[in-house]
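Just below is one structure, and these are the notes that go with it.
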Amino acid sequence: MTELQDLATLIRAATPLIAIETAEENRVIETFRHLIGQVLRPLYRWSITDGLHRLDMADAAAGEAHAIDVAPDATATLQSLRHVGEAGIYLLLDFMPYLRYPMTLRLLREICQRQQSAAHTLVLISPVLELPEDIEPLVTRFSLSLPDAQALAQIVREEAFAYSRDSGGKRVEVDADAARAVVRNLHGLSNDDARRIVRKLIYHDGALKQSDVADLAKAKFELLNKDGLLHFEYETARFADVAGLTHLKQWIEQRRAAFLGLKRAAKLDPPKGVLLLGVQGCGKSLAAKAMAGGFGVPLVRLDFGTLYNKYHGETERNLRESLRHAELLAPCVLWVD
């Protein structure tokens, strides 16, 4: 099922409370705008600055939201929609801080439990959602899907067109291999983050070239690794710098195309990992750097000393987060020392 179909199913099932943890609130709003044609319910948006607005009215189609005469206060808004007879969809932006107040929390619970209320669907949207335990049983969490290769390629084309328009018709110089590598390395980023990075690469010099791939990898790492559990190794190595290890060099060369997903790849499974075992000073670290250089991908080092935490469960959480970030940084070489 597509993202839109999944949401439509939740709405038709009269799901009372949906939580979407994302910074892309405009994308969520646009998704629900496309959704209301399927579920045939009125759509509202609430924020503490603008109050409650209806988004599916005629003037909303022209880019304007129809204001509802309700105080922007969170409690007053819930009291008002509790008495609305027609079931609707309410997008509540950054609503979480107001759930600290007993009155607001109680109203939310009563609306979700259909106590003197229509079968509304409330959608909590925020970059960080840490909900009170009282309402966790009522919440259905929903995650926006990350853009696929086709969507990322479309972002690159749109930004190249925007650069041409802004520069008076000057076209972006594009290296085809570099453009494919850029799309491949954008995997794991949200639409907004991918667009910002592509725009920075293009507007820097009006071109997409091989050197941009390394800049993209650095920017992506800094974006994803905010907790500092991984270390980006800016300097890789070449196998010409490594003495011996003939079989390892051949193994890397044979599987490079398969690892990068290139069309000319032989019928080999992509390599998953290598164990380098030896005494100190025999060149294991240099070999790891040379593997990243041989594949032509970033090298990310995981130091287990940074994972340990005195609090119960935090070490395990740090390991899970590190591996998740490494997956988002793929293709890369993860150096576990």
Ring pair (Phe, Tyr, Trp, His ring centres under 6.0 Å) partners of residues 126-153, not counting sequence neighbours, each pair once: none

Distance-only, no hydrogens or angles: does the [X] side chain make a donor-acceptor pair with backbone N or O of [Y] under 3.5 Å?
X    : Y    : answer
K284 : V279 : yes
T15  : I11  : no
S80  : A76  : no

Determine all donor-acceptor pairs shorter than 3.5 Å in which one atom belongs to a side chain in residues 85-102; sequence neighbours excluded.
none

When rounded to the nearest 0.5 angstrom, what distance separates [atom1] in [X] from [atom2] in [Y]?
X    : Y   : atom1 : atom2 : answer
L138 : I18 : CG    : CD1   : 13.0 Å
R33  : D56 : CZ    : CG    : 9.0 Å
L43  : L55 : CG    : CG    : 4.5 Å
R109 : L78 : CZ    : CG    : 13.5 Å

Just jot down the side-chain contact (heavy atoms from CB on, under 4.5 Å) partners of R324, sequence neighbours excluded, or say none.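 Counting only residues at least two positions away or on another chain, R324 forms a side-chain contact (heavy atoms from CB on, under 4.5 Å) with E321, L328.
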
Which residues pass the side-chain contact (heavy atoms from CB on, under 4.5 Å) test with S117, sequence neighbours left out?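 If we apply the side-chain contact (heavy atoms from CB on, under 4.5 Å) test to S117, skipping adjacent residues, the hits are R82, I111, H120.
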
Donor-acceptor contacts, no H, no angles, side chain residues 191-198, under 3.5 Å, sequence neighbours left out:
{"unit_1": "D193", "atom_1": "OD1", "unit_2": "R196", "atom_2": "NH2", "d": "2.4"}
{"unit_1": "D193", "atom_1": "OD2", "unit_2": "S190", "atom_2": "OG", "d": "3.2"}
{"unit_1": "R195", "atom_1": "NH1", "unit_2": "E158", "atom_2": "OE1", "d": "3.0"}
{"unit_1": "R195", "atom_1": "NH1", "unit_2": "E159", "atom_2": "OE2", "d": "2.9"}
{"unit_1": "R195", "atom_1": "NH2", "unit_2": "E158", "atom_2": "OE1", "d": "2.8"}

Salt bridge or not for E253 and K249, using N-O below 4.0 Å?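 Salt bridge: no.
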
Kindly write out the residues that satisfy ring pair (Phe, Tyr, Trp, His ring centres under 6.0 Å) with F161, not counting sequence neighbours, or none if the list is empty. none

Heavy-atom count check: over 12 atoms from other residues, nucleotides or ligands less than 6.0 Å from Q150 CD?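 Open: at most 12 neighbouring heavy atoms sit under 6.0 Å from CD of Q150.
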
